[in-house]
Amino acid sequence: MGNIVNELIEEYIRNILPQKDGILKDMEDYALKNHVPIVQPEVAKLLEVITQINQTKSVLEVGTAIGYSAIIFTKAMENGKVISIEKRSDMVEIARKNIEIMGLKDQIQVIEGCAEEILPTLQGKFDLIFLDAAKGQYMKFLSSSINLLKKGGILVSDNVLYKGMVASNEYVVRRKITIVKRMRKYLDYIMHHPELTTSLIPIGDGVAISYKN
Ligand SMILES: C[S@@+](CC[C@H](N)C(=O)[O-])C[C@H]1O[C@@H](n2cnc3c(N)ncnc32)[C@H](O)[C@@H]1O
């Protein structure tokens, strides 16, 4: 399947969105050229809207890559803070550089390390948590994430439909079966979790939005 959204619709939405400029545009170009997966433009816009609706002041992100979505969150908040976790040191270095160029060093902290180890050590509560790292690991991030989320906070899980493979075995590539099974389990869990109200949205590669009751 590959693309979960009708290509015509996706193209229309992308064309109608205001285009990014300056450093963010450079980051999009860098990501495309170097095959770094960053949030798709329509997902970035959804993140901005959620951030604003929820009057978000604090974001915890799992999966920084080059810092693109961390910067999107920061720009959508008024004096908000982002903590973002990334395991690859080369990515951490690029992200920190981009954040510095944007003048957002005081607002975004990038922590280098594996999220499953870092998350249980974090203190405080966040208004919004964004899971955008290894798809097969989301379940490992979940209980810490729910603990770290404020009541009334939002958990956003990205890429949850994984090129359509999660929805139907027909699309599953053999070597991805473990990730797909784990993601199905994760989705079932957050859909039925007593503390969460979850909506699964077929945008980008699938985004689950959960409200903590
Ligand atoms: C999809 S990219 C993140 C994109 C970024 N959120 C954006 O939209 O700009 C996923 C990143 O998660 C990192 N990652 C994967 N598993 C991780 C883990 N267990 N802990 C921390 N980072 C992880 C990868 O190295 C990769 O850079």
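Residue numbers count from 1 along this sequence. For ligands, and for the atoms within them, numbers begin at 1 and follow the listed sequence. Excluded from the calculations below are hydrogen atoms, water molecules and symmetry mates; all remaining heavy atoms, backbone and side chain alike, are included.
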Undergrad: Quick check for you: to the nearest 0.5 Å, what is the distance between Arg88 atom CZ and Cys114 atom SG?
TA: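 Between atom CZ of Arg88 and atom SG of Cys114 there are 12.5 Å.
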
Undergrad: Atom NZ of residue position Lys163 - does it have more than 12 heavy atoms of other residues, nucleotides or ligands inside 6.0 Å?
TA: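 No, because the 6.0 Å sphere around NZ of Lys163 holds 12 heavy atoms or fewer from other groups.
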
Undergrad: Output all residues satisfying side-chain contact (heavy atoms from CB on, under 4.5 Å) with Glu48, sequence neighbours left out; order by chain, then residue number.
TA: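 Glu48 satisfies side-chain contact (heavy atoms from CB on, under 4.5 Å) with Lys20, Lys45, Ile72, Ala76 only.
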
Undergrad: Any side-chain donor paired with an acceptor under 3.5 Å for Ser157 and Tyr186?
TA: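 Short answer, yes.
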
Undergrad: Around atom 12 (O) of ligand 1, find the nearest protein heavy atom and jot down its residue, atom name and distance.
TA: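 The closest one turns out to be Gly63 CA, 3.4 Å.
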
Undergrad: For the residue pair Leu149 and Glu195, establish whether any side-chain heavy-atom pair is separated by less than 4.5 Å.
TA: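 In short, these two side chains do not touch, never coming nearer than 4.5 Å.
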
Undergrad: Using side-chain heavy atoms (C-beta onward) and a distance below 4.5 Å, is Met91 in contact with Thr64?
TA: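 With C-beta onward as the side chain, the pair stays apart.
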
Undergrad: Is Lys25 salt-bridged to Asp29, cutoff N-O under 4.0 Å?
TA: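 Yes, this pair counts.
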
Undergrad: Is Asn159 close to ligand 1, meaning an N/O of one under 3.5 Å from an N/O of the other?
TA: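 Not met; the criterion fails.
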
Undergrad: Looking only at N/O atoms, are Cys114 and ligand 1 under 3.5 Å apart anywhere?
TA: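 Looking only at distances, the answer is no, because the N/O contact criterion of under 3.5 Å is not met.
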
Undergrad: Is it true that, when you exclude Asn79 itself, more than 12 heavy atoms of the residues, nucleotides or ligands shown sit nearer than 6.0 Å to its CG?
TA: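 Open: at most 12 neighbouring heavy atoms sit under 6.0 Å from CG of Asn79.
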
Undergrad: Does Gly67, backbone or side chain, put an N or O under 3.5 Å from an N or O of ligand 1?
TA: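 No, since none of the N or O atoms of Gly67 sits under 3.5 Å from an N or O of ligand 1.
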
Undergrad: Hey, is ligand 1 close enough to Gln137 that some N/O pair sits below 3.5 Å?
TA: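 No.
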
Undergrad: Heavy-atom pairs closer than 4.0 Å: do any link ligand 1 to the side chain of Thr64, the backbone, both, or neither?
TA: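 Near ligand 1, Thr64 shows its backbone, while the atoms from C-beta on stay back.
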
Undergrad: Using a strict 4.0 Å threshold on nitrogen-to-oxygen distance, state whether Asp127 and Lys57 make a salt bridge.
TA: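 Lys57 and Asp127: not salt-bridged.
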
Undergrad: Which ligand 1 atoms, with their elements, are less than 4.0 angstrom from a heavy-atom of Tyr68?
TA: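 Those atoms are 9 (O).
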
Undergrad: Looking at Asn213, I want to see if its CG is surrounded by more than 12 non-hydrogen atoms of other residues, nucleotides or ligands under 6.0 Å.
TA: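 Counting other residues, nucleotides and ligands, CG of Asn213 exceeds 12 neighbours.
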
Undergrad: How close does the nearest protein non-hydrogen atom get to atom 15 (C) of ligand 1, and which residue and atom is it?
TA: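 Ranked first by proximity to atom 15 (C) of ligand 1 is Ala134 N, 3.4 Å.
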
Undergrad: What protein heavy atom lies closest to atom 26 (C) of ligand 1? Include the residue and the distance to one decimal.
TA: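 Atom 26 (C) of ligand 1 sits closest to the protein heavy atom Glu86 OE1, 3.5 Å.
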
Undergrad: Please report which non-hydrogen protein atom sits nearest to atom 2 (S) of ligand 1, along with the residue it belongs to and the distance in Å to one decimal place.
TA: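 Result: Pro37 O, 3.3 Å.
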
Undergrad: Distance under 4.0 Å to a non-hydrogen atom of Glu61: what atoms of ligand 1 satisfy this?
TA: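 Reading through ligand 1 atom by atom, the close ones are 6 (N).
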
Undergrad: To which protein heavy atom is atom 14 (N) of ligand 1 closest, and what is the distance rounded to 0.1 Å?
TA: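 Nearest protein contact, heavy atoms only, for atom 14 (N) of ligand 1 is Ala133 CB, 3.7 Å.
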
Undergrad: Has ligand 1 got any nitrogen or oxygen that is less than 3.5 angstrom from a nitrogen or oxygen of Lys87?
TA: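 N/O-N/O distance under 3.5 Å: yes.
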
Undergrad: With atoms numbered from 1 as shown, which atoms in ligand 1 lie under 4.0 angstrom from a non-hydrogen atom of Val39?
TA: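 What qualifies from ligand 1 is 7 (C), 8 (O).
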
Undergrad: Quick check: do Val207 and Val156 have side-chain heavy atoms less than 4.5 Å from each other?
TA: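 They are in contact (side-chain heavy atoms under 4.5 Å apart), so the answer is yes.
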
Undergrad: How close does the nearest protein non-hydrogen atom get to atom 20 (N) of ligand 1, and which residue and atom is it?
TA: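 Protein heavy atom at minimum distance: Ala115 N, 2.9 Å.
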
Undergrad: Of all the atoms in ligand 1, which lie at a distance below 4.0 Å from a heavy atom belonging to Glu116?
TA: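 Under 4.0 Å from Glu116, ligand 1 has these atoms: 18 (C), 19 (N).
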
Undergrad: For ligand 1, which atoms have a heavy atom of Gly113 less than 4.0 angstrom away?
TA: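 Checking each atom against Gly113, I get 20 (N), 21 (C).
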
Undergrad: Using the side-chain contact (heavy atoms from CB on, under 4.5 Å) criterion, which residues pair with Asn15? Sequence neighbours excluded.
TA: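 Per chain and number, Asn15 pairs via side-chain contact (heavy atoms from CB on, under 4.5 Å) with Glu11.
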
Undergrad: Which residue owns the protein heavy atom closest to atom 10 (C) of ligand 1, what's the atom, and how far is it?
TA: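 Answer, as residue, atom name and distance: Asp132 O, 3.0 Å.
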
Undergrad: Looking at Glu100 and Arg96, is there a salt bridge between them, counting it only when a charged N and a carboxylate O are closer than 4.0 Å?
TA: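 Salt bridge: no.
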
Undergrad: Among protein heavy atoms, which sits nearest to atom 9 (O) of ligand 1, and what does the distance come to when rounded to 0.1 Å?
TA: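 Among all protein heavy atoms, the one nearest atom 9 (O) of ligand 1 is Ser69 N, 3.0 Å.
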
Undergrad: Can you list the atoms of ligand 1 that are under 4.0 Å from a heavy atom of Arg88?
TA: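 Here the atoms of ligand 1 in question are 25 (O).
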
Undergrad: Side chain or backbone of Phe141 under 4.0 Å from ligand 1, or both, or neither, by non-hydrogen atoms?
TA: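 The answer is the side chain of Phe141.
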
